[in-house]
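Throughout, protein chains are lettered first and strands after them, A, B, ... in sequence-line order, and every chain is numbered starting at 1.
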Amino acid sequence: MNIYEKVVDNMEKKRQYNATLKDIAQKTGFTINTVSRALKDKDDISAPTKKLIREAADELGYVRDSIAGSLRTGFTKTIGVILGDVSNPHFSIMIKGIDKQAYKYKYNIIIFNTDEDETVELQSIRSSLSIKVDGIIICPTQKCAFNIDFLERTGIPFVLIGRKINRDRFNFVVMDDEAGGYIAAKHLIDNGHKRILTITGPQYISSAIDRTSGYKRALTENGIKIDNKLICETGIQSGACYKRLKNLIKNNLNFTAIFAFSDMIACEAIYTLNELGLSVPKDISIVGFDNIQEHMLLPVPLDTISAMNTRMPEVAVDVLIKTINTPTAVEKQQ
DNA sequence: TTTTAGTGTTGATGAGCGCG
DNA sequence: CGCGCTCATCAACACTAAAA
């Protein structure tokens, strides 16, 4: 095959791939509109015509140009999903749930990973708007209010997931983190623990605040005095807990149990304890959060908080789609 | 510099046809 | 004439390369 044949071959291949409604119309003798309607299975097109057009489309290797479609309809059938850390199983499980639910509505999702960085977060919001997603599901970094304010001002439908801001104005889908914190601490108390270390997330994150206050309530209700030394705030990025916990133990902090902000932090804590010659649960008991082992088995079974965690993605998508279809509706879910 | 033409798809509207 | 069925015509979407 010489260079010219190659070019022609490529052009033909490209043409095949790029077949449009126009090509099908020419091939079948119907108008472009009829072809469009036939392929969309509209009921004002007769069955024989549909069959003919579909066959022609297959033969030409037609693939719908969704960009052109969006140009016409104003919808891209795409949801932007903006999350802090997709390498955390908690979030990847969440993504899977969102995708599965979005599929039911014939929606695609596009994922943005912010690394919990507000600058990246803003860029992700901008990119989402740029590619004209119909709506956004976002787990906000909560490091500054600007990003979400900006998002609100654009008027695009969005739903917060996992973390909440300002109950009245925004749609958010969260679990009852306060209750989760309470149950976790209560569980450890019931097992005889009085010195319970909580390794919690940064206190600008709503879920961290709520879980910590649940923890405090459990202690208070059970007559245990709150020791601020046992409330350890740490970053939620990988490695943060390891350093922090190691330090605490080296400084001889006295505790018999840990309530971790997430299962990932719990895993890191177990790793750290093992490294220091302590074993779980013999020496130290641990309760995590998120129940990731429901989706992936861990080396050691982990006591953890699940609640309605697994339904959050579903609900978030439902609420978002509803908002997209009725722009004025404001919903609140918990 | 401004204007035009072109991209692919589809909702709204309308027209032709056969039948009762 | 009125109706249902089937398909056609038109216009618009947001942006850009090319023409004027």
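Pairing each heavy atom of A:Phe259 with each of A:Ile196, the nearest pair is N-CG2, 4.2 Å. Heavy atoms only, all atoms of each residue included: A:Arg163 and A:Val174 are closest at N-CG1, 3.7 Å. Across all non-hydrogen atoms, the minimal contact from A:Ile236 to A:Pro202 is CG2-CD, 4.0 Å. Across all non-hydrogen atoms, the minimal contact from A:Leu245 to A:Leu197 is CD1-CD2, 3.8 Å.
Judged by the 6.0 Å and 45° rule, A:Arg211 forms no cation-pi pair with A:Tyr182.
With hydrogens and angles ignored, a donor-acceptor pair under 3.5 angstrom links the side chain of A:Arg72 to the base of B:dG11.
Taking atom NZ of A:Lys77 as the reference point, atom P of B:dT10 lies 12 Å away to the nearest angstrom. Atom CG of A:Asp65 is separated from atom C1' of B:dT7 by 9 Å (rounded to the nearest Å). Between the CG atom of A:Leu21 and the P atom of C:dA8 there is a distance of 13 Å, rounded to whole Å.
Nearest-nucleotide positions on DNA chain C for A:Lys132 and A:Phe30 put A:Phe30 closer to the 5' end.
Annotation: proximity of residues 31-56 of chain A to DNA chain B (heavy atom, distance under 4.0 Å) is found for A:Ile32, A:Asn33, A:Ser36, A:Lys40, A:Lys42, numbered in ascending order.
Nearest to the side chain of A:Tyr62, among C:dC13, B:dT10, B:dT9, sits B:dT9.
Put simply, the residue from A:Asp190, A:Ile189, A:Asn191 that forms a side-chain contact (heavy atoms from CB on, under 4.5 Å) with A:His187 is A:Asn191.
Side-chain atoms of A:His193 and A:Ser285 form a donor-acceptor pair, as typed in the model, at a separation below 3.5 Å.
To the nearest 0.5 Å, atom CD1 of residue A:Ile136 and atom OG1 of residue A:Thr154 are 6.5 Å apart.
Pairing analysis of DNA chain C (Watson-Crick: purine N1 to pyrimidine N3 plus N6-O4 or O6-N4; G-U wobble: N1-O2 and O6-N3; both under 3.5 Å) yields stems of 3 or more pairs at B:1-20 with C:1-20.
Within 4.0 Å (heavy atoms only), A:Gly69 reaches sugar-phosphate atoms of the nucleic acid but no base atom.
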